[in-house]
Q: 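Sharing a structure here in structure tokens format.
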Amino acid sequence: MEILLWLAPAVVVTVLAMVWVSWVGRDGRGEVDRDVAVERLGKALGKELPAGTRRTSAPARDRSTGIAVRPRHTRGPS
């Protein structure tokens with residue numbers, strides 16, 4: 001049992017850190033009204049981008065069927 005006593009400070013620090021994080025991250029701190037948040041989001045999405053940047057669309061993805069198909073290698077006329 002004595003050999004594990006060196007773990008005590010680490011356990012105490014870990015428990016204190018867990019308590020502190022749970023206290024800081026609790027609900028009810030910094031809540032914003034839903035309507036205000038929607039307005040802010042609308043303003044942010046409506047802003048013009050800085051010069052030199054452009055919006056790109058998402059690349060078109062091929063729909064995978066889950067079946068591997070090897071390409072046919074056609075030989076000359078037989």
Q: Do Val13 and Leu16 sit in one hydrophobic cluster, given that two such residues count as connected whenever their side-chain heavy atoms are within less than 4.5 Å of each other, even indirectly?
A: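 No: no chain of side-chain contacts under 4.5 Å links Val13 to Leu16.
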Q: Where do Val19 and Ser22 come nearest, in terms of heavy atoms and distance?
A: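 In this case the closest contact between Val19 and Ser22 is O-OG, 2.8 Å.
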Q: If hydrophobic residues (ILVMFWY) are linked whenever their side-chain heavy atoms come closer than 4.5 Å, directly or via other members, who joins Val38 in its cluster?
A: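 The other cluster members (ILVMFWY side chains, heavy atoms under 4.5 Å, direct or chained): none.
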Q: How would you list, by chain and number, every residue that makes a side chain to side chain contact (heavy atoms under 4.5 Å, CB included) with Asp33, sequence neighbours excluded?
A: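 Per chain and number, Asp33 pairs via side chain to side chain contact (heavy atoms under 4.5 Å, CB included) with Asp35, Val36.
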